[in-house]
Amino acid sequence: MRVMGVDPGLTRCGLGAVEGRPGAPLKLLKVGVVRTPADDEIGARLVAIEAGIERWLDEIEPDAVAVERVFAQHNLRTVMGTAQASAVAILCASRRGLPVALHTPSEVKAAITGSGTADKQQVGTMVTRLLRLDEMPKPADAADALALAICHVWRGGAQSRLAEAVARAETGQGTTAAAYFRGLGRARYSRGTTK
């Protein structure tokens, strides 16, 4: 599975792409940031972020895109810019029909370090180890984007495959396994349990 992670931001939008599957070594494909000047108008900044993300999508051709879920902060201006950059990333991926997953910062930290309260240094250190890099990706936004991609490979891959199999089964294009899972889900629902 090839996943592109996006750590949204207006000044620095972190981008990172990895390839791999749960239980196997991961491979770094690309890491970097899209930067926009703080004194540019918001429209121009969002267009620049869109262009940068589109270039990455053309080059990487990911199977999925993982975007950090925006959470409330004390600084309203910062959270608005983050939300706007996040929306651009979701739009770019959705326009291509790519699945988009939103992961919270604590979910990503827990997946990468084992602690949902890890700091940026700890996340960067673990990303460096997991991808067997010589040095930590900089700036931190780039390392965070890689952490999002890794989190999705580990946590989102199996769920996505199961959902796709069920969807194929429901449209008559499924396999025996997909039909089984669809039937299993219906049987549990009819018994009043979802375990």
Quiz item: Which heavy atom in Gly32 sits nearest to a heavy atom in Ala142, and how many Å separate them?
Solution: O-CB, 3.8 Å
Quiz item: Are any side-chain N or O atoms of Thr128 and backbone N or O atoms of Gly124, one a donor and one an acceptor, separated by less than 3.5 Å?
Solution: yes
Practice problem: Quick one: pull up CE in Met4 and CD in Glu59 and give me the separation to the nearest 0.5 Å. | Solution: 10.0 Å
Quiz prompt | Side-chain donor-acceptor contact under 3.5 Å, Thr117 with Ser115 | solution = yes
Self-check item: Side-chain donor or acceptor of Arg132 paired with backbone N/O of Leu130 under 3.5 Å
Solution: yes
Practice problem: Just do the salt bridge (charged side-chain N to carboxylate O under 4.0 Å, His left out) check on Arg96 and Glu61 with the steps written out, would you? | Solution: CA-CA 10 Å; Arg96 294 170 183 244; Glu61 298 181 348; over 6 Å; no
Practice problem: Determine, for Arg69 against Glu107, whether the closest basic-nitrogen to carboxylate-oxygen distance falls under 4.0 angstrom. | Solution: no
Practice problem: Dump the intermediate steps for salt bridge (charged side-chain N to carboxylate O under 4.0 Å, His left out) on Arg45 and Asp39, then the final yes or no. | Solution: CA-CA 9 Å; Arg45 296 178 81 183; Asp39 55 351; over 6 Å; no
Practice problem: Given side chain to side chain contact (heavy atoms under 4.5 Å, CB included), test Val65 with Val3 step by step and report yes or no. | Solution: CA-CA 6 Å; Val65 175; Val3 178; over 6 Å; no
Self-check item: Residue pair Ala145 / Gly16: nearest heavy atoms and the distance that separates them
Solution: CB-N, 3.4 Å
Exercise. Give the cluster check for Leu29 versus Leu148: same hydrophobic cluster or not, with ILVMFWY residues linked at side-chain heavy-atom distances below 4.5 Å.
Key: no
Self-check item: Same cluster (ILVMFWY, side-chain, under 4.5 Å), Val18 and Leu57
Solution: no
Quiz item: Does any N or O in the side chain of Gln122 come within less than 3.5 Å of the main-chain N or O of Asp119, such that one atom is a donor and the other an acceptor?
Solution: yes
Quiz prompt | Pairwise distance OG(Ser86) to CG(Leu10) - rounded to 0.5 angstrom | solution = 11.0 Å
Exercise. Would you check, one step at a time, whether the test side chain to side chain contact (heavy atoms under 4.5 Å, CB included) holds for Val6 with Cys13?
Key: CA-CA 7 Å; Val6 181; Cys13 182; 3.7 Å; yes
Quiz prompt | Main-chain N/O of Ile60 paired to Arg2 side chain as donor or acceptor, under 3.5 Å | solution = yes
Self-check item: CA sep, side-chain torsions, deciding dist, call: Val108, Thr104, side chain to side chain contact (heavy atoms under 4.5 Å, CB included)
Solution: CA-CA 6 Å; Val108 174; Thr104 65; over 6 Å; no
Self-check item: From Gln121 atom CD to Thr113 atom OG1, the distance as rounded to the nearest 0.5 Å
Solution: 12.5 Å
Quiz prompt | Hydrophobic cluster identity match, Ile49 and Leu98, side-chain contacts under 4.5 Å | solution = yes
Quiz item: Do Leu46 and Thr36 have side-chain heavy atoms sitting under 4.5 Å apart?
Solution: no
Self-check item: Heavy-atom pair with the smallest gap, counting every atom of Ala89 and Val67
Solution: CB-CG2, 4.2 Å
Quiz prompt | Nearest atoms (heavy-atom pairs only) where Pro137 meets Val31 | solution = CB-CG2, 4.2 Å
Quiz item: Are Leu26 and Met1 grouped together when hydrophobic residues (ILVMFWY) are joined by side-chain heavy atoms under 4.5 angstrom apart?
Solution: yes
Practice problem: Check the pair Glu68, Leu102 against side chain to side chain contact (heavy atoms under 4.5 Å, CB included), reporting the backbone distance first and the verdict last. | Solution: CA-CA 6 Å; Glu68 183 175 278; Leu102 301 175; over 6 Å; no
Quiz item: Is it true that Leu133 and Met126 fall in one hydrophobic cluster, defined by side-chain heavy atoms closer than 4.5 Å?
Solution: yes
Exercise. Kindly say whether Ala38 contributes a backbone atom to a donor-acceptor pair with the side chain of Thr11 at under 3.5 angstrom?
Key: no
Quiz item: Between CZ of Arg55 and SG of Cys92, what distance do you get to the nearest 0.5 Å?
Solution: 11.0 Å
Exercise. For residues Cys151 and Ile112, report the shortest heavy-atom separation together with the two atoms involved.
Key: N-CD1, 4.2 Å
Self-check item: Neighbour count above 12 (heavy atom, 6.0 Å) for Arg129 CZ
Solution: no
Quiz prompt | Residue among Asp7, Ile53, Leu146, Asp141 satisfying side-chain contact (heavy atoms from CB on, under 4.5 Å) with Leu15 | solution = Ile53
